[in-house]
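Data first, discussion second: the structure below is written as structure tokens.
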Amino acid sequence: MALFNNHFLSLLLTLAAIQTVHAVDYVVTNTAPTTAGGARFNNEIGADYSRQTLASATEFIWRTFQQTNPADRKNVQKVSLFVDDMDGVAYAVNNEIHVSARYIGSYSGDVKREITGVLYHEMTHIWQWNGNGQAPGGLIEGIADFVRLKANYAPSHWVQPGQGDRWDQGYDVTARFLDYLNSLRNGFVAELNKKMRTGYSANYFVELLGKNVDQLWSDYKAKYGK
């Protein structure tokens, strides 16, 4: 019995060690608590909910990118979220996410849902591959909004499928296009992200879908009569 208990304890410790290796630490800091937006963050969103959202977003992104093996992911141990008194909406840099307290304060509508969507977008930037800086910026932003779209946090003001001027216009335009491409080949975005771990080539679209990206954009526009 003692031998069994020791073995069981050893197994638990091993599992705990494995979980610790792959666990990500999330820290939330409101640097603007005395501003209207900072106060609204505390009252309507909160640090605890934000930490939960960052963790949920990470799990969702790993599933979306089909990164079941930790070796396929970026090695990120800690993500820090700051609510700052700044212009704009949000940005991610060096495993940090900065969200504008001014945006939170001025947002009319369900601010908790909106910021949840923003956090899914920014967390995607933390985890996605960017082709060693060679991928088009519009594609990078489009993948982040694609994740937000698939998580059902797309705002009502986004463009509709088929709208937009260029495939790499970015954000919602490119997210809708990527959603179309993902419907042609389930897992396309995950495979594209995997290819962008080491670099970027427009030929990735040909390799995965058999057509160049301009032809795919034309097909997409034709499908929706745009």
Side-chain angles (χ1 to χ4, degrees), residues 12-105 107 110-130 140-155 171 175 189-190 193-194 196-197:
L12 286 178
L13 289 173
T14 301
L15 288 172
I18 291 172
Q19 287 182 329
T20 302
V21 168
H22 303 310
V24 181
D25 188 26
Y26 302 101
V27 179
V28 178
T29 305
N30 183 356
T31 67
T34 59
T35 68
R40 190 181 187 191
F41 171 80
N42 287 339
N43 293 332
E44 298 184 35
I45 303 169
D48 288 344
Y49 174 79
S50 297
R51 275 191 293 270
Q52 293 167 10
T53 299
L54 294 174
S56 298
T58 289
E59 295 290 340
F60 184 82
I61 291 161
W62 288 347
R63 289 197 302 273
T64 302
F65 288 164
Q66 299 176 1
Q67 294 176 329
T68 53
N69 185 344
D72 295 332
R73 309 169 190 154
K74 283 186 181 177
N75 182 22
V76 176
Q77 304 294 324
K78 177 182 176 181
V79 178
S80 300
L81 168 64
F82 296 91
V83 178
D84 296 328
D85 183 22
M86 66 180 198
D87 291 328
V89 178
Y91 68 90
V93 61
N94 298 329
N95 299 334
E96 294 180 358
I97 296 172
H98 295 259
V99 176
S100 168
R102 296 177 193 177
Y103 181 72
I104 293 172
Y107 188 81
D110 186 346
V111 71
K112 191 172 188 178
R113 185 181 190 279
E114 169 64 11
I115 296 304
T116 301
V118 168
L119 292 180
Y120 269 73
H121 175 105
E122 298 303 336
M123 278 301 296
T124 304
H125 287 323
I126 300 291
W127 292 110
Q128 72 187 147
W129 300 111
N130 69 357
I140 297 301
E141 296 296 344
I143 290 174
D145 265 357
F146 169 81
V147 170
R148 181 175 180 173
L149 174 67
K150 302 313 283 185
N152 294 317
Y153 288 113
Y171 298 99
V189 172
N193 179 69
K194 185 176 181 180
M196 292 198 300
R197 182 169 186 163

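Here, residue 1 is the first one in the sequence, and each next residue gets the next number.
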Nearest heavy-atom neighbours spanning [X] and [Y]:
X: A92; Y: E122; value: N-OE1, 3.3 Å
X: M86; Y: V89; value: CE-O, 4.1 Å
X: I140; Y: M196; value: CD1-CE, 4.4 Å

Side chain of [X], backbone of [Y]: donor and acceptor closer than 3.5 Å?
X: K74; Y: I126; value: yes
X: N94; Y: E96; value: no
X: R40; Y: Y107; value: yes

Give the intermediate values and the outcome of side-chain contact (heavy atoms from CB on, under 4.5 Å) for residues T58 and Y26. CA-CA 11 Å; T58 289; Y26 302 101; 2.8 Å; yes
Does atom CZ (F82) have a neighbourhood of more than 12 heavy atoms from anything else shown, all under 6.0 Å?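 Counting neighbours around CZ of F82, more than 12 heavy atoms of other residues, nucleotides or ligands fall under 6.0 Å, so yes.
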Give me each pair satisfying salt bridge (Lys or Arg N to Asp or Glu O under 4.0 Å) with a member in residues 50-67, each pair once, sequence neighbours excluded.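 For residues 50-67: D48-R51.
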side-chain contact (heavy atoms from CB on, under 4.5 Å) between H125 and I143, worked out: CA-CA 9 Å; H125 287 323; I143 290 174; over 6 Å; no
Let me check something: any side-chain donor-acceptor pairs from residues 28-38 under 3.5 Å, sequence neighbours excluded? List them with distances.
| unit_1 | atom_1 | unit_2 | atom_2 | d |
| --- | --- | --- | --- | --- |
| N30 | OD1 | A32 | N | 3.0 |
| N30 | ND2 | G38 | O | 3.0 |
| N30 | ND2 | N42 | OD1 | 3.1 |
| T31 | OG1 | V83 | O | 2.9 |
| T31 | OG1 | D84 | OD1 | 2.6 |
| T35 | OG1 | A32 | O | 2.8 |
| T35 | OG1 | G38 | N | 3.0 |

Could you go through K78 and N95, starting from their C-alpha distance and side-chain angles, then the distance that decides it, and tell me whether this counts as side-chain contact (heavy atoms from CB on, under 4.5 Å)? CA-CA 7 Å; K78 177 182 176 181; N95 299 334; over 6 Å; no
Side-chain contact, heavy-atom cut-off 4.5 Å: L119 with V99?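 Answer yes - side chains close enough.
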Between atom [atom1] of [X] and atom [atom2] of [Y], what is the distance when rounded to the nearest 0.5 Å?
X: H121; Y: I61; atom1: NE2; atom2: CD1; value: 10.5 Å
X: I115; Y: Y49; atom1: CD1; atom2: OH; value: 10.5 Å
X: L54; Y: M123; atom1: CG; atom2: CE; value: 5.5 Å
X: N193; Y: Q67; atom1: CG; atom2: CD; value: 6.0 Å
X: N152; Y: R113; atom1: CG; atom2: CZ; value: 7.5 Å

Residue list, salt bridge (charged side-chain N to carboxylate O under 4.0 Å, His left out) with [X], at least two apart or on another chain:
X: E141; answer: none
X: K150; answer: D179
X: R197; answer: none

Passing option when Y153 is tested against Y120, F146, F60 for ring pair (Phe, Tyr, Trp, His ring centres under 6.0 Å):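 Looking at Y120, F146, F60, the match for Y153 under the ring pair (Phe, Tyr, Trp, His ring centres under 6.0 Å) is Y120.
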Applying side-chain contact (heavy atoms from CB on, under 4.5 Å), can you list everything that pairs with R102, at least two apart in sequence or on another chain?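 So R102 forms a side-chain contact (heavy atoms from CB on, under 4.5 Å) with D85, D87, S100.
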Please test T64 against T124 for side-chain contact (heavy atoms from CB on, under 4.5 Å), starting from the C-alpha separation and ending with a verdict. CA-CA 10 Å; T64 302; T124 304; over 6 Å; no
Scan side-chain atoms only and decide if N130 and Q128 contain a donor-acceptor pair under the 3.5 Å cut-off.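 No.
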